[in-house]
Novice: 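Structure incoming, see below.
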Amino acid sequence: MWAVLPGEVALAVCLVAGVRIPGAVLPAAEALVVGVLALEVYVMWPLYAARRRAGDTRREAGLSGVRAVVPVAVRRLLVHEFRALHSLGLWVLRRRHRIPEGARPFAYTEPQTGIMWTFVFVSVVETVVLALVIPWPLIHAILLVVDVYGIVIVLALQAACVTRPHLVEADGSLRLRYGALFDLRAPAAVIAAARVERRFPGGGLVRVDEDGTLDLAVGSQTTVTVELTEPVEFVRPLGRRGSARTLRFHADDPRAAVAALTEDRTASSPLMPGRPVSPSPLMPERTAPSSTPDPPA
């Protein structure tokens, strides 16, 4: 179904664009769409009926059938796409996504902003060039739709990161996000120490070492390290689950992020007169040298 329906959309775009479609193509395409939808209903109906007999509501039974038929990676990518497009609307309206009262947001998009705008510029140039050099109307219309949608998705990804910043909430808990792809919560009770520490880890967006250290890198760098008293669980962008006891992430203003994580605890510990003040393990430290060499300029 996920392969046939985009083809149906592309066919509709060609019709709107005035492309002449052979007479046999339209009935065949419609028959294929109807057949695929009928097959999906045939597969999902027994699953839905079984969940209804088990006492689930209609919504719960429907969601259970979708989870059984559609792979988790496909579901998460589709949900991410809808959330990213929603974030694009929030970005246009200069709003951010669900920031609770008292929470302090911390942006993390600075290292990737230039790259994102470069992608947008290259995509626009590619769209214009292909429109000038491709003489076939059908191929031109299909590529135009694909290229424009690609530009929108790149903008939506950046918008999701801008409108969904990291949060230090009013109770001192930490919420790490990367757009609509990643969301991790660390309660205040498990945060043991926080410090400014710039590192350049390898790998992709989310990387977990064998010792339980999670790197949530932006632009291949992290600037804040948070140590926990016990592991916290998280879900990777494509649905795999994991846990981490040390969190490394990027914040555009790492010192402010560490200060927000520490000030509540230091304020709640009054000093006793006549006693020396011992440094708190949560106070910001100087930037520690990375275990990997700085990337070349």
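As a basis for the values below, the full set of heavy atoms in this structure was taken, side chains included, without hydrogen atoms, waters or symmetry mates.
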Novice: Between P231 and V190, is there a side-chain heavy-atom distance shorter than 4.5 Å?
Specialist: no
Novice: How long is the span from the CG atom in L85 to the NE2 atom in H80, to the nearest 0.5 Å?
Specialist: 9.0 Å
Novice: Using modelled atom types and a 3.5 Å cut-off, is there a donor and acceptor pairing between side-chain atoms of R58 and backbone atoms of G62?
Specialist: no
Novice: How many angstroms lie between OG1 in T223 and CG in D252, if you round to the nearest 0.5 Å?
Specialist: 7.5 Å
Novice: Quick one: are V66 and R75 in side-chain contact, heavy atoms under 4.5 Å?
Specialist: yes
Novice: For residues A260 and F106, report the shortest heavy-atom separation together with the two atoms involved.
Specialist: CB-CZ, 3.6 Å
Novice: Locate the shortest heavy-atom distance separating A61 from D56; write the atom from each residue and the value.
Specialist: N-CB, 4.0 Å
Novice: So V208 and T213, do their side chains get closer than 4.5 Å, heavy atoms only?
Specialist: no
Novice: For the side chain of D215 and the backbone of A217, is there at least one donor-acceptor N/O pair under 3.5 Å apart?
Specialist: no
Novice: Using links of under 4.5 Å between side-chain heavy atoms of ILVMFWY residues, direct or through other members, which residues join L238 in one cluster?
Specialist: L77
Novice: Supply the atom-to-atom distance S173 OG to L261 CG, rounded to the nearest 0.5 angstrom.
Specialist: 9.5 Å
Novice: Step by step, would you call R199 with Q221 a side-chain hydrogen bond (donor to acceptor under 3.5 Å, both in side chains)?
Specialist: CA-CA 6 Å; R199 288 177 174 268; Q221 63 177 298; over 6 Å; no
Novice: Without placing hydrogens or testing angles, list every side-chain donor-acceptor pair under 3.5 Å for residues 67-74, not counting sequence neighbours.
Specialist:
none

Novice: Which residues end up grouped with F82 if you chain together Ile, Leu, Val, Met, Phe, Trp and Tyr wherever their side-chain heavy atoms are less than 4.5 Å apart?
Specialist: none
Novice: Any chance NE2 of H97 has more than 12 other-residue heavy atoms, nucleotides or ligands included, within less than 6.0 Å?
Specialist: yes
Novice: What's the verdict on side chain to side chain contact (heavy atoms under 4.5 Å, CB included) for S87 and R164, showing C-alpha distance, side-chain angles and the deciding distance?
Specialist: CA-CA 8 Å; S87 299; R164 298 167 185 261; 3.3 Å; yes
Novice: Quick one: list whatever passes side-chain hydrogen bond (donor to acceptor under 3.5 Å, both in side chains) with R175, sequence neighbours left out.
Specialist: D183
Novice: For residues 88-96, please give each side-chain donor-acceptor pair under 3.5 Å, one per line with the distance, not counting sequence neighbours.
Specialist:
none

Novice: Run F234 and R185 through side chain to side chain contact (heavy atoms under 4.5 Å, CB included) and show every step you take.
Specialist: CA-CA 8 Å; F234 62 89; R185 295 175 183 267; over 6 Å; no
Novice: Do any side-chain atoms of residues 110-124 form donor-acceptor pairs under 3.5 angstrom with protein atoms, and if so which ones, sequence neighbours left out?
Specialist:
| residue | atom | partner | partner atom | Å |
| --- | --- | --- | --- | --- |
| Q112 | OE1 | Y178 | OH | 2.7 |
| Q112 | NE2 | Q158 | OE1 | 3.0 |
| T113 | OG1 | T109 | O | 2.8 |
| T113 | OG1 | Q158 | NE2 | 3.3 |
| T118 | OG1 | G114 | O | 2.8 |
| S123 | OG | F119 | O | 2.8 |

Novice: Closest heavy-atom contact between Y108 and G179?
Specialist: OH-N, 2.9 Å
Novice: To the nearest 0.5 angstrom, please state how far the CG atom of L63 sits from the CZ atom of R51.
Specialist: 11.5 Å
Novice: Between R104 (side chain) and L167 (backbone), is there a donor-acceptor pair under 3.5 Å?
Specialist: no
Novice: For A84 versus A160, what's the shortest heavy-atom pair and its separation?
Specialist: CA-CB, 4.3 Å
Novice: Got a second to check how far L214's CG is from T225's OG1, nearest 0.5 Å?
Specialist: 11.0 Å
Novice: Identify whether I151 and V154 are in the same connected component of the hydrophobic contact network (ILVMFWY, side-chain heavy atoms under 4.5 Å).
Specialist: yes
Novice: Show the nearest heavy-atom pair for residues P237 and V206, with the distance to one decimal.
Specialist: CD-CG2, 4.1 Å
Novice: Quick check on the hydrophobic clustering: are I134 and V129 connected, directly or via other members, by side-chain heavy-atom contacts under 4.5 Å?
Specialist: yes
Novice: Mind checking whether R76 and V235 have side chains closer than 4.5 Å, heavy atoms only?
Specialist: yes
Novice: So does V258 get a backbone contact from the side chain of T262, meaning a donor-acceptor N/O pair under 3.5 Å?
Specialist: yes
Novice: Are the side chain of H166 and the backbone of R177 linked by a donor-acceptor contact shorter than 3.5 Å?
Specialist: yes
Novice: Under a 4.5 Å cut-off applied to non-hydrogen side-chain atoms, are L228 and T246 in contact?
Specialist: no
Novice: What distance do R245 atom CZ and D209 atom CG have between them, rounded to the nearest 0.5 Å?
Specialist: 15.5 Å
Novice: Of all heavy-atom pairs between V224 and A251, which one has the smallest distance, and what is that distance?
Specialist: CG2-CB, 4.3 Å
Novice: Got L174 and L176 here, is their nearest side-chain heavy-atom distance under 4.5 Å?
Specialist: yes
Novice: Do L247 and L216 come within less than 4.5 Å of each other through their side chains, counting heavy atoms only?
Specialist: no
Novice: Would you say that R195 contacts E227 through its side chain, given a criterion of any heavy-atom pair below 4.5 Å between the two side chains?
Specialist: yes
